[in-house]
**Q** 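Can you read through this structure? Questions will come right after.
Model, not experiment: these values are computed from the prediction.
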Amino acid sequence: MIPRRPSDLDDPKLEAETAHPIAGAEAVWANVPALRRDFGHLPDAPTTTDGWHTWLARQGGLISATQAAQEVANTRIPIRDVAVTVYRLPRGGRAFSVPLRSVASDYVDPIEGGGLLSLKAVGVKPGVVPEANLFNYSNGLQWLEGVLHEVLIQRVVEKVLRYAGSSVNCLPVYGALDGGFAVRDSEGNTWPAGILVRQAHRRQVKGWDFPLLGSPGQQLMLDTELELRRYGITSTSDKGTFQLKRHADGRLEFLCAHLGGFVPGDTPAGVARGLWERFRTYAEPGEDFIRFKGVAVQFTRFEEGVEPLLLDFGGFRFSDRFTGPLLSLVLQQPSNWGGTINPDSDAYVQPDPNRALDPRYWRAEPLETLSKKHLEGALEALPERLPGPPDDVPYSPVEHVVCRLAQGFTGGTLARQEVASALDHLLALTTESLERG
């Protein structure tokens with residue numbers, strides 16, 4: 001069931017707040033077939049592709065009132081003097097849902113039962129002070145490059161799942177918007193801001209994305225991770241890494257990743273000792289800690305009779321080999337420990353060399369060390385008039401292109417049709433191993 005009213009989100013901690021339309025927000029990329037499927041029944045639904053792009057920008061081009069009131073984490077946001085009521089789920093740090101609004105009232109009045117949109121990177125909630133940090137969700141935002149990158153990764157994952165014959169489906173993404181302002185990083189640089197527009201959905205009650213130990217949800221998350229690993233894709237990242245550290249005096253400490261660093265976890269000392277004895281052979285040479293990589297696959301709510309949908313792809317990575325114990329994360333257990341699959345286990349999946357995607361398209365390195373073949377293959381997606389990638393930024397070939405797409409669109413030198421064509425090129429290029437398989 002697609003939620004169509006705020007009450008359909010069915011969360012006791014849902015909070016209403018105020019947002020404002022952004023003057024000048026534009027759709028960079030839109031999933032027009034999905035928009036027509038889900039909203040084509042509305043009386044004022046657009047009839048053309050360009051009409052859907054305009055509709056999407058007006059419906060989804062919003063920013064929280066709290067975000068718009070400051071210029072620390074971003075440049076001045078050009079808002080319209082209109083108050084729109086939006087609804088934020090618990091732990092929805094930079095996302096909220098908004099009811100569709102009537103074209104007849106200049107997108108001000110809600111359409112009764114018309115539906116909802118889920119918006120990501122639309123600012124912090126009341127009472128939160130955003131920070132100028134491009135890589136920390138505490139800024140409430142996302143740069144346009146990151147939004148387009150997530151759109152591409154989701155399309156890659158969708159293609160892999162269909163090729164694999166998986167029954168898992170992904171939450172539809174409706175589009176990526178240029179916010180019309182810029183995000184500030186910690187050094188004072190500015191980057192075009194983006195907004196991700198998705199189908200409305202329910203999250204786990206109270207906002208926790210982990211399932212219960214031994215539940216079907218835990219098995220689904222683990223099975224999905226293992227299926228994707230056959231193709232060289234993983235949801236694990238530094239943000240979901242746990243460490244068991246042995247100090248010089250023999251003391252053991254269990255640490256959880258948090259805001260770019262590590263904080264103590266709540267695993268008892270006796271359990272930590274047993275974990276060290278069991279897993280110490282997996283410590284990297286010369287290191288005094290063991291890394292446990294937590295499965296970060298996220299689904300919409302697990303509920304009877306409703307298909308859970310895979311979402312949130314910004315942290316997915318690509319590799320030709322995986323190392324370290326794989327940790328399943330669950331609720332109501334110390335440090336969310338739900339069990340591990342060890343590298344020497346038959347259940348531990350490595351990429352299939354005949355079908356796995358080439359990770360060199362996604363590997364961030366200095367320009368001089370990137371494979372010329374992979375960089376040039378990706379750059380073929382760019383119109384010649386766009387400048388080449390910067391020399392001093394360790395991007396991957398895909399990131400080089402996506403960065404230029406964002407800059408080209410916001411700079412007025414690239415049309416949205418060219419952005420769509422470039423993303424299609426990157427999708428075909430990075431999944432060409434599937435065609436060979």
Side-chain angles (χ1 to χ4, degrees), residues 22 25-31 60-64 67 73-75 77 92-96 118-124 130-157 170-171 173-187 189-198 233 235 237-240 259-260 296 298 311-318 361-364 378 381-382 389-390 393-411 414 416 419-420 422-423 426-427 430:
I22 304 172
E26 293 186 78
V28 183
W29 174 86
N31 184 351
L62 298 172
I63 195 73
S64 74
Q67 194 79 34
N74 46 265
T75 59
I77 302 176
R94 54 176 179 166
F96 53 62
S118 172
L119 308 180
K120 181 178 177 180
V122 282
V124 297
E131 301 176 9
N133 189 328
L134 196 62
F135 301 103
N136 192 325
Y137 296 163
S138 62
N139 70 355
L141 304 169
Q142 174 65 296
W143 46 349
L144 179 56
E145 174 187 335
V147 172
L148 293 175
H149 195 252
E150 180 166 352
V151 167
L152 178 61
I153 293 177
Q154 173 160 345
R155 295 178 67 189
V156 169
V157 170
C170 299
L171 179 74
V173 168
Y174 293 136
L177 306 182
D178 167 22
F181 63 97
V183 185
R184 299 188 193 275
D185 65 21
S186 57
E187 298 178 354
N189 303 307
T190 59
W191 305 80
I195 297 172
L196 186 68
V197 187
R198 304 183 291 192
I233 306 173
S235 69
S237 68
D238 291 341
K239 293 180 180 178
L259 298 179
Q298 295 185 41
L311 77 163
D312 282 345
F313 300 85
F316 278 48
R317 299 183 302 107
F318 299 78
Y361 286 115
W362 306 91
R363 188 173 293 151
L382 288 175
V393 179
Y395 276 177
S396 69
V398 166
E399 288 171 329
H400 275 296
V401 173
V402 173
C403 177
R404 293 307 173 190
L405 294 179
Q407 293 179 351
F409 184 86
T410 58
L414 197 62
R416 65 169 62 99
V419 174
L423 291 175
L426 290 176
L427 175 63
T430 57

**Q** Quick check for you: to the nearest 0.5 Å, what is the distance between Ile153 atom CD1 and Leu427 atom CG?
**A**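 Between Ile153 CD1 and Leu427 CG, I get 12.0 Å after rounding to 0.5 Å.
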**Q** Do you know which two heavy atoms are closest between Gly60 and Leu119, and how far apart they sit?
**A** O-CD1, 3.4 Å
**Q** Shortest non-hydrogen contact from Leu426 to Thr430?
**A**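 Minimum heavy-atom contact is O-OG1, 2.7 Å.
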**Q** Please find the pair of heavy atoms, one from Gln154 and one from Cys170, that lie closest to each other, and give the distance.
**A**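 Taking every non-hydrogen atom into account, NE2-CB, 3.7 Å.
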**Q** Can you tell if the side chain of Leu177 reaches within under 4.5 Å of the side chain of Glu26, non-hydrogen atoms only?
**A**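 SC-SC contact between Leu177 and Glu26 ruled out.
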**Q** Which atoms form the tightest heavy-atom contact between Ala193 and Asp178, and what is the distance?
**A** O-OD1, 3.6 Å
**Q** Using the ring of each side chain (for Trp, its six-membered ring), is Trp362 parallel, tilted or perpendicular to Phe318, with breaks at 30° and 60°?
**A** parallel
**Q** Rounded to the nearest 0.5 Å, how far does CZ of Arg317 lie from CD1 of Ile233?
**A** 12.0 Å
**Q** What do the steps show when you test Phe96 against Ser64 for side chain to side chain contact (heavy atoms under 4.5 Å, CB included), and what is the final call?
**A** CA-CA 9 Å; Phe96 53 62; Ser64 74; 4.2 Å; yes
**Q** Of all heavy-atom pairs between Val124 and Pro130, which one has the smallest distance, and what is that distance?
**A**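 Where Val124 meets Pro130 most closely, the heavy atoms are CG2-CD, 3.9 Å.
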**Q** About how many Å separate CH2 of Trp143 and CG of Leu148, when rounded to the nearest 0.5 Å?
**A** 11.5 Å
**Q** Any side-chain to backbone donor/acceptor pair from Thr410 onto Pro192? Under 3.5 Å, distance only.
**A** no
**Q** Please report the closest heavy-atom contact between Asn139 and Glu131, naming both atoms and the distance.
**A**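 The pair with the smallest heavy-atom distance is CB-O, 2.9 Å.
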**Q** Just by distance, no angles: are the side chains of Glu145 and Tyr395 close enough, under 3.5 Å, to form a donor-acceptor pair?
**A** yes
**Q** Donor-acceptor pair, distance only, cut-off 3.5 Å: does the side chain of Arg94 make one with the backbone of Leu141?
**A** yes
**Q** Going by heavy atoms in the side chains, are Trp191 and Leu144 under 4.5 Å from each other?
**A** no
**Q** Could you state the interatomic distance from CZ (Arg416) to CZ (Phe409), rounded to the nearest 0.5 Å?
**A**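 It comes to 5.5 Å.
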**Q** Test your reading of the model: is there a side-chain donor-acceptor pair from Arg198 to the backbone of Lys120, 3.5 Å cut-off?
**A** no
**Q** Please test Leu423 against Leu405 for side chain to side chain contact (heavy atoms under 4.5 Å, CB included), starting from the C-alpha separation and ending with a verdict.
**A** CA-CA 9 Å; Leu423 291 175; Leu405 294 179; 4.1 Å; yes
**Q** What is the distance from atom CD of Gln67 to atom CZ of Phe181, rounded to the nearest 0.5 Å?
**A** 6.5 Å
**Q** Compare all side-chain heavy atoms of Gln142 with those of Val183 and state whether any distance is below 4.5 angstrom.
**A** no
**Q** Do side-chain atoms of Ser235 reach the backbone of Ala296 as a donor and acceptor pair under 3.5 angstrom?
**A** yes
**Q** CZ of Arg404 to CD of Glu399: how many Å apart, nearest 0.5 Å?
**A** 13.0 Å
**Q** Side-chain contact, heavy-atom cut-off 4.5 Å: Ile22 with Ile195?
**A** yes
